[in-house]
Amino acid sequence: MQNNPIPKKDPIALNGGCHCGAVRFEIDATPPLTVHICNCSICEMSGFVHLIVPAAAFRLLRGEEQLSEYQFRTKVARHLFCKHCGVKSFYVPRSNPDGYSINVNCLELPDKVEIIEEQVDGRNWSKSAPALRHLSQ
């Protein structure tokens, strides 16, 4: 039996933002969207579902001055939150400091965009992070 991969489609522009609308952004992504569910403490507590994109595929449309930043441990990841509603709709991840991780829950997705979920072992970050490195390139 032959394993047929899901064919990639042309990139599409997707809009997203925080809950109150103070922060808005747009990304280019290629369906099907492969998203990552991480079991690290901050992702589990916040319900963040990752879609990692290169920096060139991300455009902040408004709200840069509305963002607050949080860093911990290595201070490489830049967790960015709306100062008003507290939503982290995107951030610069430690695994991909040259890109952005978008919270899929904050995107306005067309009805028929296919999403493929993969698990990431964030509790054992040093072992699992290298597998994500290619996503921002």
Subject >> Contact check, side chains of D121 and K127, non-hydrogen atoms, under 4.5 Å >> reply: no

Subject >> Close aromatic pair by centroid cut-off 6.0 Å: F25 and Y100 >> reply: no

Show me, pair by pair, the donor-acceptor contacts under 3.5 angstrom made by side chains of residues 79-86, not counting sequence neighbours?
from, atom 1, to, atom 2, distance (Å)
H79, ND1, K88, NZ, 2.8
K83, NZ, E65, O, 3.2
H84, NE2, Q66, OE1, 2.4

**OP:** Please examine the side chains of V120 and S95, heavy atoms only from C-beta on, and report whether any two atoms are closer than 4.5 Å.
**Re:** no

Original post:
Between CD1 of I115 and CG of L109, what distance do you get to the nearest 0.5 Å?
Top reply: 5.0 Å

Subject >> Closest non-hydrogen atom pair between A57 and V53, with its separation >> reply: CB-CB, 4.2 Å

Original post:
In terms of hydrophobic clusters joined by side-chain contacts under 4.5 Å, are L107 and V49 together?
Top reply: yes

**OP:** Output the distance between atom OG (S89) and atom NE2 (H19), rounded to the nearest 0.5 Å.
**Re:** 12.0 Å

**OP:** Mark yes or no for whether R78, through its side chain, and V92, through its backbone, hold a donor-acceptor pair below 3.5 Å.
**Re:** no

Original post:
Hey, does the side chain of N15 reach the backbone of E26 with a donor-acceptor pair shorter than 3.5 angstrom?
Top reply: no

Original post:
Should we say atom CD of E64 is surrounded by more than 12 heavy atoms from elsewhere, each under 6.0 Å from it?
Top reply: no

Original post:
What is the distance from atom OG1 of T34 to atom CD of E114, rounded to the nearest 0.5 Å?
Top reply: 8.5 Å

**OP:** Give the minimum heavy-atom separation between N39 and G122, together with the two atoms involved.
**Re:** OD1-N, 2.7 Å

Subject >> I27 vs R59 side-chain heavy atoms within contact, under 4.5 Å >> reply: no

Original post:
Do the side chains of L67 and F90 get nearer than 4.5 Å, heavy atoms only?
Top reply: yes

**OP:** Return the minimal non-hydrogen interatomic distance between C38 and E44, and the atom names on each side.
**Re:** O-CG, 3.9 Å

Original post:
Which pair of non-hydrogen atoms, one from S136 and one from N96, has the smallest distance, and what is that distance?
Top reply: OG-ND2, 2.9 Å

Original post:
Within a strict 4.5 Å, meaning less than it, do heavy atoms of the P110 and L14 side chains meet?
Top reply: yes

**OP:** Evaluate side-chain contact (heavy atoms from CB on, under 4.5 Å) for R133 paired with I52, printing each intermediate quantity in order.
**Re:** CA-CA 9 Å; R133 189 68 197 106; I52 298 173; over 6 Å; no

Subject >> Hydrophobic cluster membership, I42 vs V35, 4.5 Å side-chain cutoff >> reply: no

**OP:** Evaluate the side-chain proximity of V104 to L33: yes if any heavy-atom separation is below 4.5 Å, no if none is.
**Re:** no

**OP:** Find the distance between CZ (R24) and CZ (R62) and round it off to the nearest 0.5 Å.
**Re:** 6.0 Å

Original post:
Going from CG on N105 to CG on L51, what distance comes out if it is rounded to the nearest 0.5 angstrom?
Top reply: 11.5 Å

Original post:
Heavy atoms, side chains only, cut-off 4.5 Å: are H36 and L135 in contact?
Top reply: yes

Original post:
Roughly how far, to the nearest 0.5 Å, is CZ of F48 from SG of C40?
Top reply: 10.0 Å

Original post:
Does some side-chain heavy atom of L132 sit less than 4.5 Å from a side-chain heavy atom of R94?
Top reply: no

